[in-house]
Amino acid sequence: MSDHPRTENVIIIGSGPAGWTAAIYAARANLSPLVIEGMGGTEMIPGGQLMFTTEVENFPGFPEGVDGQDLMTRMRAQAERYGTRIVQDDVVSVDFSAQPKKLRTSYSGEFQAKAVIIATGARANWLGLENETRLARSGGGVSACAVCDGALPAFRDQPLVVVGGGDSAMTEAEHLAKYGSEVVIIHRRDELRASKMLADRVLANPKVRVEWNSTVSDILGDQFVTGVRLSDTVSGEERTLECKGVFMAIGHTPNTAFLGDAVHLKPTGYMVVEAGATRTSVPGVFGAGDVMDDTYRQAVTAAGTGCMAALEAEQWLVENE
Ligand code: NAP
């Protein structure tokens with residue numbers, strides 16, 4: 001027996017651009033969607049990765065750019081305006097073996113729905129060093145979110161390090177350059193993965209420089225970060241770089257662990273969907289946004305697939321009612 005007797009038409013798990021766009025479309029189709037938006041402090045934070053982005057410059061319709069949190073607040077309000085209901089909780093397991101589909105949450109019990117849209121996004125990766133975990137958990141100056149933590153007093157006018165060579169590393173470095181005395185990007189190759197335009201802009205900042213062909217082999221510091229040990233990927237030589245903050249920007253992992261083997265996943269954990277659609281291996285279950293997109297991973301593509309998922313869920317409900 002479910003904790004919530006009502007069988008929902010559609011439950012949307014996740015509240016980034018994909019989740020809110022799916023909710024807007026499903027609500028306007030009179031499906032009265034329920035969004036389980038995540039709780040924060042866990043893998044799935046309400047609002048998703050854009051909550052960590054100050055300035056979004058490539059979302060169409062905002063020629064001056066838009067604050068990531070502001071954009072998500074607006075999307076949420078738009079979904080609510082058309083009747084979306086919202087639960088602040090995490091889904092911890094699912095049972096898609098029968099109709100209705102069942103979703104178990106951390107605190108709110110079990111929900112049931114005819115159709116489910118999974119839009120749980122992806123989360124930041126870590127290097128896996130013992131001191132990295134220790135200093136990240138204790139608030140000792142290791143973070144995977146410059147936008148959340150960069151403005152902390154401990155980092156003001158101090159040398160800071162960003163690990164990674166992609167767009168995230170560039171945007172984190174640019175953000176941190178507002179606060180730190182110097183930002184050193186540590187990249188394991190001699191060529192960046194980041195888009196050229198963004199990289200050129202960031203590297204033109206006199207406070208930013210790159211340590212090429214280098215990996216972080218350890219993070220130094222007892223209570224607070226004092227430096228990093230760097231390994232040269234060509235010569236193997238080790239050296240120490242003093243810094244007061246270390247920010248990880250080494251990619252993301254999709255939030256699919258709670259799905260178990262309920263739907264087909266790629267070996268990397270990303271959800272498998274039909275080409276050009278959001279249908280998963282389970283009829284009535286759809287995937288949208290970064291959780292199924294290991295190629296584009298943009299806010300606007302997430303919103304696009306959120307729209308597709310809602311339209312496909314609506315069509316599936318009509319055909320299967
Ligand atoms: P990403 O593109 O996958 O880049 C990850 C970076 O981390 C790569 O440079 C990679 O090195 C490095 N890396 C991975 N594992 C590592 C390890 N164990 N040790 C050291 N370095 C490691 O991830 P992302 O930068 O988070 O970007 C993800 C997506 O979001 C991309 O599609 C990106 O375009 C998008 N994004 C866009 C913006 C924007 O403003 N438009 C901002 C942020 C992100 P290698 O290069 O050697 O593989």
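Because only heavy atoms are used, hydrogens play no part in the values below, and waters and symmetry mates are left out as well, while side chains stay in. As the structure lists them, so they are numbered: ligands from 1, and atoms in each ligand from 1.
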Would you tell me whether Thr120 and Asn255 have side-chain atoms, one donor and one acceptor, within less than 3.5 Å of each other? no

Residue set satisfying side chain to side chain donor-acceptor pair (under 3.5 Å) with Thr215, at least two apart, ordered chain then number -> none

Presence of salt bridge, Glu130 and Arg134, under 4.0 angstrom: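 Judged by the 4.0 Å cut-off on N to carboxylate O distance, Arg134 and Glu130 do not form a salt bridge.
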
Answer yes or no for Arg156 and Tyr179: cation-pi contact, defined as NZ/CZ to six-membered ring centre under 6.0 Å and angle to ring axis within 45°. no

Set of residues satisfying side-chain contact (heavy atoms from CB on, under 4.5 Å) with respect to Glu242, sequence neighbours excluded: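 Partners of Glu242 by the side-chain contact (heavy atoms from CB on, under 4.5 Å) criterion come out as none, since no residue qualifies.
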
Enumerate the protein residues lying less than 4.0 Å from ligand 1, judged by heavy-atom distances, in chain and residue-number order.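 These residues qualify: Asn58, Leu127, Gly164, Gly165, Gly166, Asp167, Ser168, Thr171, His187, Arg188, Arg189, Arg193, Ala249, Ile250, Gly251, His252, Tyr296, Arg297, Gln298.
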
Check which hydrophobic residues are tied to Leu160 through side-chain heavy-atom contacts below 4.5 Å, counting indirect links as well, and list them. Leu152, Phe155, Val162, Met170, Leu176, Val183, Ile185, Leu192, Leu198, Val202, Leu203, Val208, Val210, Trp212, Phe224, Phe247

